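Per chain, numbering begins at 1; letters A, B, ... match sequence-line order. Note that the structure is predicted; figures quoted are calculated from it, not measured.
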Amino acid sequence: MTAFALIDGNCFYCSCERVFNPSLKGKPLIVLSNNDGCAISRTDEAKAMGIAMGAPWFQIKHLESRGLVGLSANFPLYGDMSERMMRIIGRFAPVQEVYSIDECFLDLSGMTQDLTQYGQQIRHQVFRDSGIPTCVGIGPTKTLAKLANHMAKKQKQWNGVCDLTALTRQDLAQAMHSIKVTEVWGVGKKISRQLNELGIVTALDLARLNPETARRKFSILLGKTIQELRGTPRIAFETDMEPKKQIISSRSFGFPVTGMSQLAEAISAFTTIACRKLRQQGSMASGISVFIRTSLFRPGRQYSASHLVYLNSPSSDTIAHTKAALSALQKIFRPGFNYAKAGVMLFDIEDSLIIQQALFPVEPEHEKREKLMSMLDAINRQFGKDTLKIAATGLHPNDNWFMRQERKTQGYTTNWNELMVVRA
DNA sequence: TCTGGGGTCCTAGGACCC
DNA sequence: TCTGGGGTCCTAGGACCC
């Protein structure tokens, strides 16, 4: 029988912060989104104070007087901790699928030992070697492994590891009866509301729905989800990191932005980030789209627009994409608005090698640009982000449009100037 | 005053072709 | 005057995920 495990870090961002600042243990702690906007990770203590996922900081800031700690997100640190955690977990099975920054699947099919014990071993090892607490869910399909993980997190009796493959049919049904349908992987707010109207309230109810009916009434996806809930794997295990098909870089601004020049700097910076990611995965893109918009939350006249531009040939050249992006910006910019957010999206992404070998002859100019870009990447890797950049991004972004991060912790593992210093 | 960012997949509908 | 039907491709938008 197949068996998959889903391992995820408990309130991952908060746990990363606690690794480097143990005094945060036991305290209500949240990590905030960019611009210190809203809560994106919460410890149990913070949840107990009634703080919801996504709660705006300005609405809950007053809880600081009751001991709440709010920290700005430190994404480089979390990315680095994630890599460590994934490496440790990866040693426990021949194949691993890294699903997000804080969770991964293992294929445990064919293993003969007690899987609950094995799950505890994984938790123990990860905690010892990285300091991150985790929960483990095990099931015959990925959807059931997710469900098991949810139970391991919410129901104390599992002690952090829930193995649904070890349950009798009856116990499994009872377990699924205890889970609301909206907690099932792939069932969001909208679908669960529609399901509720049909009297389908729990995961068990959904598992009993005819997959063919569900496919016709809702979508292919829901049909697959039901089959997975019944124990038939329908969602593939993906071990290779697939290259991204679109790459987005966008930000809300720390302050309202009105001028074309500031927007242009921001768009250039976003393009720089997106193109770096593009080159990292060895791809080229032939389309770039730019969007700008005012705040959704402020009263008054709003403006939102986007424009897509195609290059003459696929490219990973920051300069070519920046030119295209700025021409798109020219088309959609309207004066007289307070812009709150902007971003770029790269489209039509393909493998560099295939493009060069099969589709487009390499022009000498093109080759020079490519060397320039790899040099730029190498310098920035060695001497730090933004050591070398194109002038359009502006020299002092922080003064103009860049986001606020007033409560950020150190780059304990990612910045030479901020390494953790342990005094003897 | 202050409400994240980065993805994937599916579907419906239009354009176009035969 | 009559004014089909099926297929493909593309795009925008929706739903979902973390």
Does [N] have OP1 or OP2 under 4.0 Å away from a side-chain N or O of [X]?
X        : N      : result
A/Lys245 : B/dC9  : yes
A/Ser250 : B/dG6  : yes
A/Lys146 : C/dC18 : yes
A/Ser252 : B/dG5  : yes

Remember a base hit wins even if backbone is also touched, and classify [X] as base, sugar-phosphate or nothing at under 4.0 Å, heavy atoms.
X        : answer
A/Val184 : sugar-phosphate
A/Ser295 : nothing
A/Leu32  : nothing
A/Tyr99  : sugar-phosphate
A/Gln246 : base
A/Lys189 : sugar-phosphate

Exercise. Pick the P atom in B/dT3 and in C/dC17, then give their distance to the nearest Å.
Key: 25 Å
Atom pair distance, as rounded to whole Å: [atom1] in [X] and [atom2] in [N]:
X        : N     : atom1 : atom2 : value
A/His62  : B/dC2 : NE2   : P     : 19 Å
A/Ile101 : B/dG4 : CD1   : P     : 18 Å
A/Phe253 : B/dT3 : CZ    : C1'   : 16 Å
A/Asp348 : C/dC9 : CG    : P     : 15 Å

Do [X] and [Y] meet the criterion of a side-chain donor-acceptor pair at a distance under 3.5 Å?
X        : Y        : value
A/Ser15  : A/Asn10  : no
A/Ser306 : A/Arg293 : no
A/Gln96  : A/Thr239 : no

Quiz item: If you pin A/Met53 and A/Lys244 to their nearest nucleotides in DNA chain B, which one's is more 5'?
Solution: A/Met53
Exercise. Starting from the 5' end of DNA chain B, give me the residue, A/Phe297 or A/Leu221, whose nearest nucleotide shows up first.
Key: A/Phe297
Quiz prompt | Stem regions touching DNA chain C, defined by at least 3 consecutive Watson-Crick or wobble G-U pairs below 3.5 angstrom | solution = B:5-18 with C:5-18
Quiz item: Considering all heavy atoms of both residues, which atom of A/Thr165 and which atom of A/Asp163 are nearest to each other, and what is their separation?
Solution: OG1-OD1, 2.5 Å
Quiz item: Should A/Phe75 and A/Tyr13 be marked as a ring pair (Phe, Tyr, Trp, His ring centres under 6.0 Å) after you check the CA-CA gap, both sets of side-chain angles, and the distance that decides it?
Solution: CA-CA 9 Å; A/Phe75 289 113; A/Tyr13 299 162; 5.7 Å; yes
I'd like a table of donor-acceptor pairs (distance under 3.5 Å, sequence neighbours excluded) in which one partner is a side-chain atom from residues 173-186 of chain A, with atom names and distances.
unit_1, atom_1, unit_2, atom_2, d
A/Ser178, OG, A/Gln155, NE2, 3.4
A/Ser178, OG, A/Ala175, O, 2.6
A/Trp185, NE1, A/Tyr99, OH, 3.4

Quiz item: A/Phe237 and A/Phe4: aromatic ring centres closer than 6.0 Å?
Solution: yes
